[in-house]
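Quick notes on the structure that follows.
Remember, it's 1-based here, ligands and their atoms both numbered in the order they're listed. One is the number of the first residue; the rest follow in order along the sequence. All of these numbers come straight from a predicted model, not from anything done at the bench.
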Amino acid sequence: MSELRWHPILEEWVITATHRQDRTFLPPDDFCPLCPTKPGAFPTEVPAEDYDIVVFDNKFPSMKHPAPMPGIEGTNLYKVRPADGICEVVSYTSRHDGTLTDMDLPGMRNLVDVWTDRFKDLGGKDFINYVLIFENKGKDIGVTLYHPHGQIYAFPFIPPKVQKELDSSEKHKGQTGRCLFCDIIAEEQTDGRRIVAENDSFVAAVPFFARYPYEVYIFSKKHHQTMLTFDDEERADLANILKVVLLKYDNLWGISLPYMMIMHQAPTDGRDHDYYHFHIEFHPPNRTEKKLKYIAGCETGAGSYINDTLAEEKAAELRAAEPSTVESTYLVLEG
Ligand SMILES: [Zn+2]
Ligand SMILES: [Zn+2]
Ligand SMILES: [Zn+2]
């Protein structure tokens, strides 16, 4: 059972996915569905003894294709439509333990290629208007499997947060003739206090407007709408800055920092979104090593975030965490 229900007040789709209640929740290590199938053991999602990166359909998808007919009839006010989309799982490695941070640079570079391929393939489908690549990491974010993995949701509609970003960038372009994100990058670089890491192709910053204490945005320096236009050097540079940001996160307090990692790219609805700009957002829930920021009444009820910290101070902490210099964010290729 899965359908889209229209929220007439917020004017956005809500996905109902009741079958997901039964999904695998933190299984014992012997029964991890993302581990390779071992001889004589129970079959996992991966019928191979070993693998680098593997992508497969989510067994408990919020959306699928072809979608089942909605279980309820809509009205004029309460519109209903099939949840016609695709949900995939990207298992980063055959190794059960560890996190994306542990992946070596060639592996990270490989992952950038996998993301690019999946974005191209899913975005090329006529019923897919938006492809969201993301990762929920850590039990504080509510992951149901510890095995290092990310997800891809291919939506039949443009999700509301992305639509809001599209609207603001289109407006900014109309008013100034410039890209909103290019202007943000320039402002961050001029000020400098909120920059966390930088290389030839990307810049990472706790932006001026951060809603979470350790929120980091990675922007492409060139005005790209999606990963599809990255050249080889940019793909390698993305792998590099991702590794640097992930290491900084874990070295901050010597714990594996939980986060939501979200990749924002232009929609794949066949329209031109040349005013939009590729970026990755990290939203870690931690305020301190032990304390979490809760999305509470003011955030949920009013949509207004309260950040108890200053972006300038949090960026300085991340900048100081190893690998420590902004200028030398190029890690030496391992192996
Ligand atoms: Zn596993
Ligand atoms: Zn731009
Ligand atoms: Zn964004």
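- Computed with the Zn ion (ligand 3) at the centre, the Glu165 OE1 to His279 NE2 angle is 90°, stated to 10 degrees.
- Here the rule is ring-ring contact (aromatic ring centres under 6.0 Å, His included) with Tyr214, and of Tyr249, Trp253, Phe282, Tyr259 only Trp253 fits it.
- Of all N/O/S atoms in His147, ND1 sits nearest the Zn ion (ligand 1).
- Looking only at N/O/S atoms, His223 comes nearest to the Zn ion (ligand 2) through ND1.
- Annotation: Phe278 is not in aromatic contact with Phe219 [ring centroid separation under 6.0 Å not met].
- Geometry note: the Zn ion (ligand 3) is the vertex, His264 ND1 and Glu281 OE2 are the arms, and the angle is 100° (rounded to 10 degrees).
- Between ND1 of His277 and SG of Cys182, the angle at the Zn ion (ligand 2) works out to 110°, rounded to 10 degrees.
- Proximity of the aromatic rings of His277 and His224 is defined here by a centroid distance below 6.0 angstrom, and this criterion is not met.
- Per residue His96, closest N, O or S atom to the Zn ion (ligand 1): atom name ND1.
- Residue Ser169 holds its OG atom at 12.5 Å from NZ of Lys164, rounded to the nearest 0.5 Å.
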Give the intermediate values and the outcome of side chain to side chain donor-acceptor pair (under 3.5 Å) for residues Ser91 and Tyr51. CA-CA 9 Å; Ser91 187; Tyr51 62 85; 2.7 Å; yes

